[in-house]
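Basis for what follows: all heavy atoms, side chains included, without hydrogens, waters or symmetry-related copies.
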Amino acid sequence: MSNWEILWASRDVFWQGFGNTLTIFSISAVLSFLLGSLLLFSMEGVRPRLKIPLRIFIDAMRMLPFLILAYLFYYGLPSVGIRMTAWQAGVLALVLYHGAYFAEILRGSRITLSSGQEEAAIAQGFSRPTMFLRIILPQLVLRTRGVMGNQLIILLKDTAFLVIITVRELTAAANSLSSTYFIPMEAFIVVIGFYWMISLALEQGIRFLGRIGEKRGFNNA
Amino acid sequence: MDGNAWGLLLQGAWTTAWISGVSILLGVFLGLVVALLRLAKIPFLDQLLGAYISLARATPLVTLILFIFLSGPTLGINLNRSTAAIMALTLNTTAFNAEIWRSAFNNFSKEQREAAMAVGMTPWVYFRRIMLPQTVITSLPNLVNEMSFLVKGSPAIAVIGIVDLTRVTNRISAVTYDPLPPILAAGALYMAMIGLLVWGQRIAERKANRLAM
């Protein structure tokens, strides 16, 4: 049997790893986007009480490697009595880490938004949460779609770190196959192909979003 | 944590720092080479480098490092751990740096080129004396940003058994049975390292803004 045939015979392992990576990626992408928007909203307003602690949290996340956060949740927290499975610790770390980055991306675009529409919205009787949800957030998403897409690709790549804290994702699948059959090269080529495919699909999605944005007059971003 | 643990931690920090440092230097230089080759638009090579950049940007560092370290021996190349780590980090960061250099070159003003040609400069002299110094300054902030991304990605080298600043926390907690302090201390050391880079970036940005015409 050639090496490729061995890999084809064990395609279930790949599919499982691919499924796990995709699940972890989608859950953390959605949750970290929500967290990022929530963080931004909590820093809005005239005199937000949470502004300084949130600023410190976001800056701390931007200065830490992702893996050290995953280590903290998986290896560090059990000693203060909080136990999580590798899966839960990994997703939580991804959400908190990338949530901070999403918040920072949105904030960077938020400060360039003109205050005129905000005043107009309030004059029309919008409450702050509705205004944020209906007027500010959609604009920010369309404006920052490029950076947002890059961040999603970084998030996808960070899921591979979870192999170190024993999550069974795509890289773990390649690693275990390569050590069982001793065919590292082929196994990793397949897995890199999978990652490439997801990235290309993401880039395509961003381009699609770009067309919507252009239709609504955001072609400057 | 006692003095011994701190010693181990600093050793880990040193490992992270030198491996990242070597990869940063190689990556900035090779990125420039790749960008120039792509600028020359040599058929076939251009597509090849484009495919490399697209692939390298999509491949997670952990996967890349495992790939290089494990498949090296099957190709008859015996790599030691540090070499494999530096190769993987360099391959990754070169792709990003190449794009930074390329966009800086593409945004460079055409008038200066015409003026240089008009006063009789050869293309090489024009590149070395006029184009390169200015693009170095304008792309420095982005390059430093990419450097801090590299340091943040460097814990991936732990996967092939290099005892870097992240993995050393496991070593320490294997002795002390208390993983929390070493992880927090390692986090603080990372913050110091990346904070240094961010500070450098701010200075670079200020310089770039002052010199930008």
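For Leu202(A), no part sits under 4.5 Å from any heavy atom of chain B, backbone or side chain. Both the backbone and the side chain of Ile68(A) come within contact range of chain B, each with at least one heavy atom under 4.5 Å from a heavy atom of that chain. For chain B, no part of Leu69(A) is nearby; none of its heavy atoms comes within less than 4.5 Å. Neither the backbone nor the side chain of Ser148(B) comes within less than 4.5 Å of any heavy atom of chain A. Of the atoms belonging to Phe73(A), not a single heavy atom falls under 4.5 Å from chain B. For Leu64(A), the parts lying under 4.5 angstrom from a heavy atom of chain B are both the backbone and the side chain. Both the backbone and the side chain of Ala60(A) have a heavy atom closer than 4.5 Å to some heavy atom of chain B. For Tyr177(B), no part sits under 4.5 Å from any heavy atom of chain A, backbone or side chain. Contacts of Asn92(B) with chain A are made by side-chain atoms alone, with heavy-atom separations under 4.5 Å and no backbone atom involved.
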- Message: Could you walk me through whether Ser54(B) and Trp196(A) satisfy the side-chain hydrogen bond (donor to acceptor under 3.5 Å, both in side chains) test, starting with their C-alpha distance in whole Å, then the side-chain angles of each, then the deciding distance to 0.1 Å, before giving a yes or no?
- Response: CA-CA 8 Å; Ser54(B) 169; Trp196(A) 200 16; 2.8 Å; yes

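Contacts with chain A were tallied for Thr63(B), Val159(B), Ile194(B), Thr59(B); Thr63(B) has the most, counting heavy-atom pairs under 4.5 Å. With chain A as the partner, the residue from Asn170(B), Asp178(B), Leu184(B) showing the most heavy-atom pairs under 4.5 Å is Asn170(B). Counting heavy-atom pairs closer than 4.5 Å to chain B, the top residue among Thr171(A), Asp158(A), Leu170(A), Ile189(A) is Thr171(A). With respect to chain B, the highest number of heavy-atom pairs below 4.5 Å among Val80(A), Leu156(A), Asn175(A) belongs to Asn175(A). Counting heavy-atom pairs closer than 4.5 Å to chain A, the top residue among Pro181(B), Gly195(B), Ala192(B), Gly187(B) is Gly187(B).
In this structure, the separation between CG on Leu9(B) and CH2 on Trp6(B) is 6.0 Å, given to the nearest 0.5 Å.
Within a 6.0 Å sphere centred on CZ of Arg171(B), heavy atoms belonging to other residues, nucleotides or ligands number 12 at most.
A cation-pi arrangement is absent between Arg202(B) and Trp199(B), since the terminal nitrogen or guanidinium carbon is not both under 6.0 Å from the aromatic centre and inside a 45° cone about the axis.
Note on ring orientation: taking the six-membered ring where Trp is involved, the planes of Phe127(B) and Phe105(B) are tilted (angle from 30° to 60°).
Checked against side-chain hydrogen bond (donor to acceptor under 3.5 Å, both in side chains), Arg57(B) has no partners two or more places apart in sequence or in another chain. For Glu203(A), the side-chain hydrogen bond (donor to acceptor under 3.5 Å, both in side chains) test picks out no residue, with sequence neighbours left out.
Of the candidates Tyr97(A), Tyr101(A), Tyr71(A), Phe66(A) forms a ring-ring contact (aromatic ring centres under 6.0 Å, His included) with just one, namely Tyr97(A).
In summary, the side chains of Ser139(B) and Asn142(B) do not present any donor paired with an acceptor at a separation below 3.5 Å, with no hydrogens or angles considered.
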